[in-house]
Amino acid sequence: MASRTLLSSPSSSWELMDTTTTTSSTTGGAAAATATTEEEEEGHHNPDMMMEEDKLNLRSHSNVTKITQQICEATLFATTQSLTVVCPGCEPDWNLLAVQGLFQAVAALPHLAEFKLHCVGLLQVAFPIHLLTTVLTRESDSTTNGSVGNDIQVLDLNDVVLTAATQEEVDTLAHVISHKATNLKEFRLFGCLADDLLTHNNNNGSNNNNNNNNNTAIQMDPLWAALATLQRVEIDAVDDGLLGGIQSSTVQTLAHSTTLQQFHLNGFCLDNDCLVALAEGLSNTNTHNNNHTTKFTDLSFDLYSVDHPGQGAFLLTDALQSNTTLEKLHLSISHAWNDDKFLQAMAAALSTHCTLKSLIIGTCAHIRDTTAQAFCQALASNYVLEFLQLSRYKGPYKALLQYYLKLNAQKRGYFHAHFGSNHLSRERWIREALIPVRDDVDALYYFLHMNPMMLLCHDDDDDDDDHETNRMEQDL
């Protein structure tokens with residue numbers, strides 16, 4: 001007699017399929033789930049371990065009802081912290097009520113903090129947005145009115161095609177996120193796109209193949225604007241423009257967020273107005289919401305759709321000079337941006353920026369030597385930047401750029417700031433400045449030239465510190 005049994009794999013991946021065995025499905029499923037949850041429980045309180053992750057493989061022939069029952073009975077994923085739903089080869093019908101019930105059961109998992117959806121909606125039926133709302137909210141109990149937020153803090157969508165039947169579905173998800181009806185803090189979207197039922201406001205008119213009336217098209221901007229209430233947002237399409245356009249007012253809402261720290265916006269068709277909005281948010285001289293400034297530390301923008309660096313681009317460089325929180329900046333620009341005016345303006349901003357540690361400028365065009373020279377001049381007085389990538393530049397200034405970056409990584413800014421103070425003893429100079437670069441002649445000469453007193457003999461009393469210093473001098 002055919003029965004159904006829960007199968008586990010070494011990678012903690014689960015699915016329910018037809019088998020020809022007389023073993024009780026409930027017993028087999030419970031035993032398999034218990035083995036996994038015991039392993040999870042062992043590392044649950046260990047802060048040095050990564051978040052436990054399980055996978056749920058859904059296929060067209062999966063017994064969604066049985067999987068839901070296992071979850072509700074706490075015999076499956078009872079202690080799971082991170083769950084990835086994948087569809088290898090074939091997918092279930094996402095519009096079935098049984099699928100809705102499955103996502104409701106997932107939403108009720110007591111320890112789930114991260115939900116991932118990978119390779120979904122790529123076949124005949126796109127993934128409906130209302131199921132994202134379902135997984136982020138928990139059904140009400142006797143003490144609450146309506147649905148309440150669960151403990152999911154991270155929503156990760158990778159290679160997913162999204163769809164919605166009505167504008168209300170998008171607006172409902174946006175409302176749940178923007179009104180803090182969930183505990184969501186991080187939103188990731190990689191290589192995703194919308195099907196023909198969804199559209200974005202295309203500011204520059206590109207990537208719009210929808211023949212429907214734009215007045216009736218479903219807009220995604222409410223969802224993007226709602227992400228301004230989170231802490232980390234990463235949107236990276238597989239290619240520029242795949243997510244269509246975005247309204248400058250939406251970018252303005254995101255750019256003026258007082259909670260966003262990490263903000264990646266790649267794959268949209270941005271225009272000059274969007275750049276102006278981004279610059280306003282990046283500038284610490286501009287305030288929003290009762291004089292609370294933005295808190296950006298990590299920004300990444302895809303600017304390929306902007307034909308040439310206009311007002312917004314130069315406002316961006318001006319904002320960089322006044323910003324005091326940004327640590328990472330990644331700009332992808334078209335070949336039309338590769339002129340000395342804009343890139344040298346970026347270099348000039350670096351000469352005064354005091355927090356940026358990583359700058360990546362990606363372009364398909366050739367970086368000129370005059371541009372690289374401008375960055376060298378900026379780094380002569382910039383002691384903070386530790387990583388700089390000017391596309392694939394390999395010209396005569398590359399060695400000098402790497403030299404300055406290497407010195408910054410060795411804390412030359414700290415030694416300049418504290419030179420002559422009581423904080424920097426001879427022993428600390430040797431231990432923290434000289435020994436780490438003892439195999440690098442250029443860096444060693446730099447620090448010795450900065451403080452030549454290190455070359456003088458040390459005649460203090462013979463105490464434990466002197467013994468340690470002598471040992472380090474021998475190492476040096």
Q) Hey, are Glu186 and Arg188 close enough for a salt bridge, meaning a charged N less than 4.0 Å from a carboxylate O? A) yes
Measure from the side-chain N and O atoms of [X] to the backbone N and O of [Y], and report whether any donor-acceptor pair falls under 3.5 Å.
X	Y	answer
Gln153	Glu114	no
Asp302	Tyr304	yes
Ser257	Thr259	yes
Thr134	Gln104	no
Asp236	Phe190	no
Thr371	Ile367	no
His175	Asp171	no
Asn183	Ile152	no
Thr250	Ile246	no
Ser351	Ala348	yes

Check the side chains of [Y] and [X] for a donor-acceptor pair under 3.5 angstrom, ignoring hydrogens and angles.
X	Y	value
His264	Asp298	yes
His118	Asp156	yes
Ser283	Ser322	yes

Q: Any chance you could lay out the side chain to side chain contact (heavy atoms under 4.5 Å, CB included) test for Thr355 and Thr297, step after step, and finish with the verdict?
A: CA-CA 9 Å; Thr355 61; Thr297 60; over 6 Å; no
Should we count [atom1] of [X] as having more than 12 external heavy atoms under 6.0 Å?
X	atom1	answer
Lys411	NZ	no
Gln389	CD	yes
Lys328	NZ	no

To the nearest 0.5 Å, what is the distance between [atom1] on [X] and [atom2] on [Y]?
X	Y	atom1	atom2	answer
Asp151	Leu112	CG	CG	8.5 Å
Asn382	Lys357	CG	NZ	12.0 Å
Leu155	Leu189	CG	CG	8.5 Å
Gln70	Thr65	CD	OG1	12.0 Å
Leu356	Thr324	CG	OG1	12.0 Å
Leu315	Leu275	CG	CG	9.0 Å

Which atom names give the shortest non-hydrogen contact between [X] and [Y], and what distance separates them?
X	Y	value
Pro222	Gln167	CG-NE2, 4.0 Å
Thr253	Ala228	O-CB, 3.7 Å
Ile235	Val233	CG1-CG1, 3.9 Å
Leu326	Leu329	CD2-CB, 4.0 Å
Ala372	Leu401	O-CD2, 4.1 Å
Leu385	Leu405	O-CD2, 3.5 Å

Q: Return the orientation label for the Phe268 and Trp224 ring planes: parallel under 30°, perpendicular over 60°, tilted otherwise.
A: perpendicular
Q. Checking side chain to side chain contact (heavy atoms under 4.5 Å, CB included) for the pair Asn266/Ser300: CA distance, chi angles, key distance, verdict?
A. CA-CA 7 Å; Asn266 300 306; Ser300 177; 3.1 Å; yes
Could you tell me whether the side chain of [Y] reaches within less than 4.5 Å of the side chain of [X], counting heavy atoms only?
X	Y	value
Trp94	Leu58	yes
Pro92	Ser60	no
Val384	Asn408	no
Leu56	Val86	no
Leu299	Leu265	no
Leu350	Met346	no
Leu157	Leu132	yes
Asp54	Thr84	no

Q) Is the ring centre of Phe115 less than 6.0 Å from the ring centre of Phe77? A) no
(Q) The test is side chain to side chain contact (heavy atoms under 4.5 Å, CB included); show your working for Lys295 and Gln231 and say whether it passes. (A) CA-CA 9 Å; Lys295 303 177 181 178; Gln231 295 179 9; over 6 Å; no
(Q) Between Phe127 and Val161, is the side chain to side chain contact (heavy atoms under 4.5 Å, CB included) condition met? List the steps. (A) CA-CA 6 Å; Phe127 187 83; Val161 179; over 6 Å; no
